[in-house]
Number of protein chains: 2
Amino acid sequence: MATIKDVAKAAGVSTATVSRVIHNDSSVKPATYKSVLDVINKLNYTPNVLARQLRTQKTKTVIVIVPNIRNTFFSDIIFGIENCARKHNYQILIADMHGQPDIEDYYYQAIQERMIDGIISLSANVAKSLIEQISDQYPVVVACQYLENYNIPNVTIDNNKAATAMTEYLMKLNHNDIVFISGPVEMTLYRDRMNGFLSATASAGIPLDLEYVRYGDASVQSGYVQMKEFLDSRKPFSAVFAAGDMMAIGALRALQEAGLEIPKDCSVAGFDDIELSQFVDPPLTTVHQPCYQIGETAFKKLLKLMNKQQIEAFHNVLDFSIVTRDSSAKKGE
Amino acid sequence: MATIKDVAKAAGVSTATVSRVIHNDSSVKPATYKSVLDVINKLNYTPNVLARQLRTQKTKTVIVIVPNIRNTFFSDIIFGIENCARKHNYQILIADMHGQPDIEDYYYQAIQERMIDGIISLSANVAKSLIEQISDQYPVVVACQYLENYNIPNVTIDNNKAATAMTEYLMKLNHNDIVFISGPVEMTLYRDRMNGFLSATASAGIPLDLEYVRYGDASVQSGYVQMKEFLDSRKPFSAVFAAGDMMAIGALRALQEAGLEIPKDCSVAGFDDIELSQFVDPPLTTVHQPCYQIGETAFKKLLKLMNKQQIEAFHNVLDFSIVTRDSSAKKGE
DNA sequence: TTGTACGCGTTATCAG
DNA sequence: CTGATAACGCGTACAA
């Protein structure tokens with residue numbers, strides 16, 4: 001591998017000049033500029049990033065903490081982050097938590113050792129203690145949810161409002177006995193969705209029965225189990241609203257296994273609009289989140305933070321939309 | 001951030017001694033060892049990885065090239081790689097190709113600049129030209145498939161044999177008109193599966209009708225479209241074998257949209273056994289691959305390569321299994 | 001058992 | 001417009 005010294009020697013200039021050429025320093029005389037560039041190409045020289053990083057104390061690397069890459073919802077956001085990062089010559093390091101909190105420590109170490117320029121967390125809670133420890137050392141942006149009691153910039157949709165909207169939609173279809181299946185309520189995101197559901201039903205005068213409000217982790221498996229458990233209670237219901245599509249798909253499966261026809265016997269709604277939602281049978285009514293845009297916005301925000309620029313808004317709230325598909329229908333139709 | 005110098009000064013020793021303590025050099029006198037360690041803890045000192053890397057010319061970082069993280073099949077393998085890597089103090093960098101070949105160049109650059117210790121590719125083909133260029137510079141392991149004409153160590157199941165087994169299973173259920181839906185045939189993995197299918201049907205004396213053999217990309221969408229196209233041909237069929245679960249799910253959707261009941265009117269089989277397969281309706285019969293083990297094996301292999309150790313086998317072939325679920329049944333039942 | 005001193009490949013400052 | 005040269009933080013011969 002050719003180094004800057006090799007280039008300097010071959011071009012008959014100093015390393016300083018080569019460095020200037022690399023950085024497009026306009027003070028270099030066009031003639032020398034060209035000759036240096038020729039040598040660079042001839043030797044196929046690429047600057048050693050490690051050395052550069054050591055010198056500049058910048059890594060151009062951002063770590064993205066994600067609860068679980070196996071949920072395509074997160075991969076979609078990562079896609080947005082990554083594309084945007086690449087445009088700005090940043091690299092992203094994906095820290096998958098797998099829902100195993102002990103992995104936090106490992107990444108905390110990694111962050112300490114590896115000089116990371118910034119952090120985007122898609123999971124204020126899985127990595128909560130980690131985030132807390134580092135939010136004063138590093139630029140941090142939280143996406144999809146927010147962390148209570150910490151002033152960390154974030155990018156989300158209005159989960160409360162979205163859940164309210166979906167609940168209202170279901171109620172408009174004459175569903176009054178709606179089962180709400182939630183993810184971990186320690187996460188503000190799920191709490192907001194639950195609150196949205198609760199306030200919507202309350203406003204409609206539907207009395208609260210906690211048997212109808214369930215929660216577990218956010219997996220397909222969890223949705224399946226939660227639904228089964230509710231079915232065991234033998235309470236009447238005509239609709240299920242799961243706070244995540246993965247859970248909704250699990251619930252769908254449990255309902256179908258129990259012999260229910262969707263949407264004839266029961267309407268089902270999800271949240272997130274992951275790719276798969278349109279391919280399950282029946283296609284899932286859900287809340288669409290602008291994943292790519294969330295990722296993009298989060299990175300841009302982080303970029304400003306890293307460059308010590310002023311951020312225009314502390315909290316970006318992006319638009320959601322209700323996507324109606326065949327899994328929901330008017331009650332009794 | 002404290003540096004090695006700070007520690008040395010505070011402990012009243014040289015930086016060399018501190019370095020020795022960090023590396024557990026047994027030549028350090030226990031007393032000094034302890035006092036240095038105390039200072040390290042007191043100052044909360046962590047070695048600067050950048051400097052260390054620059055010095056040792058090793059990054060302890062492995063890049064994992066993945067066609068598309070949105071397919072949980074890949075995330076499962078990544079999980080295996082990552083867990084194993086972490087145990088050996090390696091970091092992984094995920095290079096998601098998104099099926100966009102132009103992204104290759106970007107990562108090629110990244111590999112050049114960033115001194116990566118090794119590469120695991122889950123996609124010999126999406127990143128084909130990249131792999132070719134670097135397989136002589138860096139330790140490379142290919143998982144899930146192999147690259148023709150290149151002697152690159154790999155870890156796979158026997159795709160051909162697995163597809164044969166699944167086809168035989170379907171034929172045993174009296175299905176003779178089987179639609180085969182494949183991913184990109186440039187990929188050896190899909191070609192092997194297709195060959196397995198073709199040889200199984202040929203052995204059974206089923207005449208070849210190319211109308212029954214289709215291919216596209218490996219997405220849900222693609223499976224959906226391919227199935228639709230076949231349905232338009234109005235040829236008789238009683239089973240569909242898709243060379244990937246995502247495609248199988250797309251096909252399932254298309255069949256159900258066309259009013260077919262699964263498995264009564266048509267059996268459907270997939271390949272990979274992604275988490276979701278058991279949660280679609282009906283649950284999918286499929287070929288199970290030991291994803292975690294594939295990832296683990298691939299990393300261990302790469303580790304040996306990076307350490308210039310002898311690898312015991314050039315090609316690891318792991319076991320698959322046929323998982324039968326409700327999407328398949330005896331013809332006419 | 002410990003310290004000295006050089007080099008890894010850059011960038012940035014300062015002088016010319 | 002260009003060149004010396006000093007860092008960046010660490011590891012490691014070599015010397016003591």
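Quick note on labels: first sequence line is chain A, next is B, and so on, each numbered from 1.
- Taking atom NZ of residue Lys58(A) and atom P of nucleotide dG9(C), one finds them 23 Å apart after rounding to whole Å.
- The side chain of Ser27(A) contributes no N or O atom lying less than 4.0 Å from OP1 or OP2 of dT2(D).
- Whole-Å rounding puts the Arg20(A) CZ to dT10(C) P distance at 16 Å.
- Of the candidates dG9(D), dT11(C), dT2(D), dG9(D) carries the atom nearest the Ala51(B) side chain, counting heavy atoms from C-beta on.
- Of the residues listed (Val18(B), Leu37(B), Val21(B)), the one engaging Val7(B) in a side chain to side chain contact (heavy atoms under 4.5 Å, CB included) is Val18(B), and it is the only one.
- Backbone-only contact: Tyr45(B) has heavy atoms under 4.0 Å from sugar-phosphate atoms and none from a base.
- What separates CD1 of Ile22(B) from P of dT12(D) is a distance of 11 Å, to the nearest Å.
- Listed nucleotides: dT2(C), dT2(D), dC8(C). Nearest to the side chain of Val28(A): dT2(D).
- Checking Leu54(B) against Thr15(B), the closest nucleotide of DNA chain C that is more toward the 5' end is the one next to Thr15(B).
- Distance from the side chain of Pro47(A) is smallest to dT10(C) among dT10(C), dG11(D), dC10(D).
- Both Lys5(A) and Arg55(A) lie near DNA chain C, and the one whose nearest nucleotide falls closer to the 5' end is Lys5(A).
- The distance between atom NZ of Lys29(A) and atom P of dG3(D), rounded to the nearest whole Å, is 10 Å.
- As a whole-Å value, the separation of Ile4(B) CD1 from dA5(C) P is 17 Å.
- In this structure, Phe79(A) and Tyr292(A) have perpendicular ring planes: the angle between them is above 60°, well past the 30° mark.
- We find that CD of Gln53(B) is positioned 15 Å from P of dT10(C), with the value rounded to whole Å.
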Inset, instruction - Before giving the answer on salt bridge (Lys or Arg N to Asp or Glu O under 4.0 Å), spell out for Lys42(A) and Asp38(A) the whole-Å C-alpha distance, their side-chain angles and the decisive distance to 0.1 Å. - result: CA-CA 6 Å; Lys42(A) 207 175 90 197; Asp38(A) 286 346; over 6 Å; no

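- Atom-to-atom, NE2 of His23(B) to C1' of dG9(D) comes out at 12 Å; the value is rounded to the nearest Å.
- Close to dT4(C), at under 4.0 Å from its OP1 or OP2, lies no side-chain N or O of Ser14(B).
- Atom CZ in Arg52(A) sits roughly 10 Å away from atom P in dA12(C) (whole-Å rounding).
- Between dG9(C) and Gln57(B), a contact under 4.0 Å exists linking OP1 or OP2 to a side-chain N or O.
- Here the side chain of Thr3(A) is nearest to one of dC10(D), dG9(C), dT12(D), namely dG9(C).
- In this structure, of dT2(C), dC10(D), dG3(D), it is dG3(D) that holds the atom nearest to the side chain of Ala16(A).
- Taking 4.0 angstrom as the limit, Thr17(A) places none of its side-chain polar atoms (N or O) nearer than this to OP1 or OP2 of dT2(D).
- Listed here is the closest heavy atom pair of Lys60(B) and Asn89(B): CD-O, 3.6 Å.
- Tyr33(A) and Asn24(A) share a donor-acceptor pair across their side chains, judged by distance under 3.5 Å alone.
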